[in-house]
Amino acid sequence: LQLVQSGGGSVQPGGSLRLSCVASGFSLNDYTLGWFRQAPGKEREGVSCSSHAYGISHYARSVKGRFTITKDNARKTFYLEMNSLTPEDTAVYYCAAGSIPPLGGQAMCTGDLGDVGMDYWGNGTLVTVSL
């Protein structure tokens with residue numbers, strides 16, 4: 001089971017980026033999918049999560065309305081679409097996935113955007129928002 005990230009880079013405030021996370025070895029529909037970020041000098045925080053099994057998605061208050069988590073099952077890829085970026089969005093972004101409880105895992109997509117049960121992580125990609 002593996003997650004391989006791509007995307008990211010530098011963008012000016014107000015710009016957009018899309019992060020991609022290709023999954024191998026499991027079905028996206030059976031896992032809770034998530035995006036996390038860690039800004040310089042800060043702890044890692046949850047940005048968004050999605051669960052196909054439960055039909056839910058959650059977003060951090062700071063990104064709600066600007067970021068969207070999507071997936072393409074045929075490509076085994078999930079994405080974080082980021083719009084109206086601000087310097088406060090500068091961070092290393094990580095994708096993550098975890099099996100849901102009915103399948104023996106502990107990963108649930110909840111409003112607290114926790115990382116419990118997120119057993120698989122991407123390698124991280126830097127997003128820099130500046131003039």
Side-chain angles (χ1 to χ4, degrees):
L1 300 177
Q2 189 177 15
L3 297 174
V4 178
Q5 285 183 238
S6 62
S10 296
V11 65
Q12 293 186 346
S16 299
L17 284 173
R18 186 176 77 166
L19 306 182
S20 301
C21 190
V22 180
S24 60
F26 63 92
S27 169
L28 297 181
N29 287 350
D30 293 336
Y31 277 66
T32 293
L33 310 176
W35 288 94
F36 297 79
R37 68 184 181 186
Q38 186 166 19
K42 296 186 177 180
E43 293 187 355
R44 187 175 66 195
E45 64 174 350
V47 175
S48 178
C49 65
S50 178
S51 171
H52 175 83
Y54 297 99
I56 56 174
S57 296
H58 288 288
Y59 296 91
R61 185 173 298 181
S62 60
V63 307
K64 198 168 187 177
R66 301 188 298 122
F67 289 13
T68 306
I69 186 170
T70 61
K71 66 180 175 70
D72 183 334
N73 287 336
R75 296 179 184 272
K76 303 201 75 174
T77 303
F78 62 106
Y79 306 93
L80 185 67
E81 307 270 1
M82 305 184 293
N83 298 311
S84 301
L85 286 160
T86 73
E88 289 68 38
D89 295 315
T90 294
V92 176
Y93 284 73
Y94 298 90
C95 62
S99 181
I100 58 176
L103 298 179
Q106 301 180 61
M108 292 290 292
C109 178
T110 61
D112 66 359
L113 296 168
D115 61 5
V116 173
M118 301 299 264
D119 295 326
Y120 306 101
W121 291 79
N123 47 310
T125 185
L126 177 63
V127 171
T128 303
V129 185
S130 65
L131 291 171

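- Annotation for Gln38: atom CD counts as buried by contact number, over 12 foreign heavy atoms lying within 6.0 Å.
- Counting heavy atoms from C-beta on, the side chains of Phe26 and Ser99 never come closer than 4.5 Å.
- A pairwise comparison of heavy atoms in Ser84 and Ser16 identifies N-OG, 4.3 Å as the closest pair.
- Evaluation of the side chain to side chain donor-acceptor pair (under 3.5 Å) rule for Ser57 yields Ser50 as partners, not counting sequence neighbours.
- Contact record, Ser48 with Leu80: CB-CD1, 4.3 Å, taken as the closest heavy-atom pair.
- Without hydrogens or angle criteria, Gln5 side chain to Tyr93 main chain gives a donor-acceptor distance under 3.5 Å.
- The shortest heavy-atom contact between Tyr31 and Gly98 is CD2-C, 3.1 Å.
- Taking every heavy atom of both residues into account, Gly8 and Leu19 meet most closely at N-CD2, 3.1 Å.
- Side-chain contact, Ser27 with Asn29: no donor N or O sits under 3.5 Å from an acceptor N or O.
- By the 4.5 Å heavy-atom criterion applied to side chains, Pro87 and Pro13 are counted as neighbours.
- Cluster annotation: Leu28 is not connected to Met118 through the hydrophobic network of ILVMFWY side chains, with a link wherever side-chain heavy atoms come within less than 4.5 Å.
- Residues Thr32 and Tyr54 fail the side-chain proximity criterion, which asks for heavy atoms closer than 4.5 Å.
- Pairing each heavy atom of Asp115 with each of Trp121, the nearest pair is CB-CZ2, 3.9 Å.
- The same ILVMFWY cluster, assembled from side-chain heavy atoms under 4.5 Å apart, contains both Met82 and Ile69.
- Side-chain atoms of Val127 and Arg37, non-hydrogen and from C-beta on, never get closer than 4.5 Å to each other.
- Evaluation of the salt bridge (Lys or Arg N to Asp or Glu O under 4.0 Å) rule for Asp30 yields no partner, not counting sequence neighbours.
- Between Phe36 and Leu113 there is no side-chain heavy-atom pair separated by less than 4.5 Å.
- Listed by chain and residue number, nothing satisfies the salt bridge (Lys or Arg N to Asp or Glu O under 4.0 Å) test with Glu88 (two or more places apart in sequence, or in another chain).
- When hydrophobic clusters are built by joining Ile, Leu, Val, Met, Phe, Trp and Tyr residues whose side-chain heavy atoms come closer than 4.5 Å, directly or via intermediates, Val4 is not grouped with Phe78.
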